[in-house]
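Order of appearance sets the numbers: ligands from 1, and atoms from 1 within every ligand.
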Amino acid sequence: MTTPDLAGLPVAWSADCLRHEPAGEVWLGVWDAGTEVPERATVLLGALTEAGAEVTDARPHDPGALLAVHTTGLVSHLATIWTRWEAAGYVSEHQRSRVVPYIFPTAGLLAGMTPRFPEAVHAQAGGFCYDTMTLIGPGSWEAIRAAADAALTAADLVLAGARAAYALCRPPGHHAGPASHGGSCYLNNAAIAAQALREAGAERVAVLDIDAHHGNGTQAIFYDRSDVYYGSVHVDPGAGWFPHYLGFAAERGTGPGEGANRNLPLAPGTGDDGWLDAVAALCADVRARGADVVVVSLGVDAAEADPESPLRVSADGYRRAGELIGALGPVVAVQEGGYDLPSLGGLVVATLSGLLNR
Ligand SMILES: [Zn+2]
C-alpha cells in the first residue's frame, strides 16, 4: 500500500457540523449512547489534514438546492421542530431532552384514508422521521444545513474543474428520502449534490453508494429518473440489517428510471473480494451508461472493525474501491457512515488516495 497523500484534495467542511448532538438513539425501546457522534468529524478532519488535504469552508447555498430533492414540509420541519419542541415545554416540563417520534402514520394506521396534519408538536415528528433513532436537539438544524452546504461546495469545486472533492458531511444523508428522514440522516447530502450537478449542466450523474447500508433515501429520490443512476453495495437487508424493508436486488427503478437503480446486497461476513467484485460491477454499469460526474456516498462502515455492520472490508479494500471509482471520471465524495473512531480516519484517507490513484 502506498503512503496516502491527499495533497491538493479539497475538503469542504463547516464547524457547524459539530453542533448536532443527538445524545444517542432510542433503539428497541432503550435509549443507547449511539455511534453517530461529533467526534467522528473531528477524527476525520485530523486524518485528512495530516494527509495533506486542503480544508476549505463550506459556502452557504440557496435553500432551493435542498428543495430540489426534498419537500418543503420536510425541510421546514427540520428547520423548526427543535425550537417549537422547546417552546412547547417538552424539555422544561416533561424532561424530553430531544425530539423523539412516537406515533407514525404508517399505511396500516391510515388504511387508505387521508391523515390530518397533527396540531400537537409531539405528534408531528413521526410524520417525517420513520424510526426512533434519529433524534433532533439544539444545533441539529445548523449541522444538517452545514452538511448539505459542504456537499454543495464540493460539487461546486468539481464543476470548477477539480478532479475530485470531498465533503466532510455530518450528519450523514443517504437514508433521507424526499419527505422523510431516519437512519441518523436528515437531509440527503449526496442527492442534493447530484441534483445540483444536474442543474449545473451535467447530463448524466451516477451516485455510487459504498456505505455498508442501503441508501434507501437516495434510491427513493431518483427511482423514476434515468438521468441519475443509483448503485449500491451493502449488507443484505434481508439478513436483519437496516433499512430492512428496502435495498433488494429486484428494485431496479420505475418508469423512465427502469434499469437506472441497482442494488447488490451482500451476505454478512463478506470481505474484500466479494465487496470489490460488487463495486466493480457498479462501476461497469456507470461506464456502460455514461456519467459526466460521479457522486460517491462514502460510508466506511463496511470495515471489519465497524460496530454498525457485519461486513469485513479492509483499508486496502477501500483504497482499491477508490481506484475503481476514480477511474470513472470526476468525483464528488460525500461522507456517509463509519463509526469506529480508531480506524475511521485511515479508512477515508485510504479511499480518497485510491480515488486520486496515489
Ligand atoms: Zn451505514
Chemist: Between His213 and the Zn ion (ligand 1), is there a contact where an N/O/S atom of the residue lies under 2.8 Å from the metal?
Modeler: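 An N, O or S atom of His213 is closer than 2.8 Å to the Zn ion (ligand 1), so yes.
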
Chemist: Clusters formed by hydrophobic residues whose side-chain heavy atoms approach within less than 4.5 Å: which one holds Met133, and what are its other members?
Modeler: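 Members besides Met133, by chain and number: Trp27, Leu28, Tyr130, Phe242.
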
Chemist: Counting distance only, does the side-chain N/O of Ser232 pair as donor-acceptor with the main-chain N or O of Asn263 below 3.5 Å?
Modeler: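 Pair absent, no side-chain N/O of Ser232 close to backbone of Asn263.
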
Chemist: Which atom name would you report as the N, O or S atom of Asp211 nearest the Zn ion (ligand 1)?
Modeler: OD1

Chemist: Given 3.5 Å as the limit, does a donor-acceptor pair link the side chain of Arg358 with the main chain of Ser353, or not?
Modeler: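 Pair absent, no side-chain N/O of Arg358 close to backbone of Ser353.
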
Chemist: Test: side-chain hydrogen bond (donor to acceptor under 3.5 Å, both in side chains). Region: residues 103-122. Which pairs qualify, not counting sequence neighbours?
Modeler: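 Every pair satisfying side-chain hydrogen bond (donor to acceptor under 3.5 Å, both in side chains) with a residue in residues 103-122: Tyr90-His122.
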
Chemist: How is the N/O/S atom of Asp301 that comes nearest to the Zn ion (ligand 1) named?
Modeler: OD2

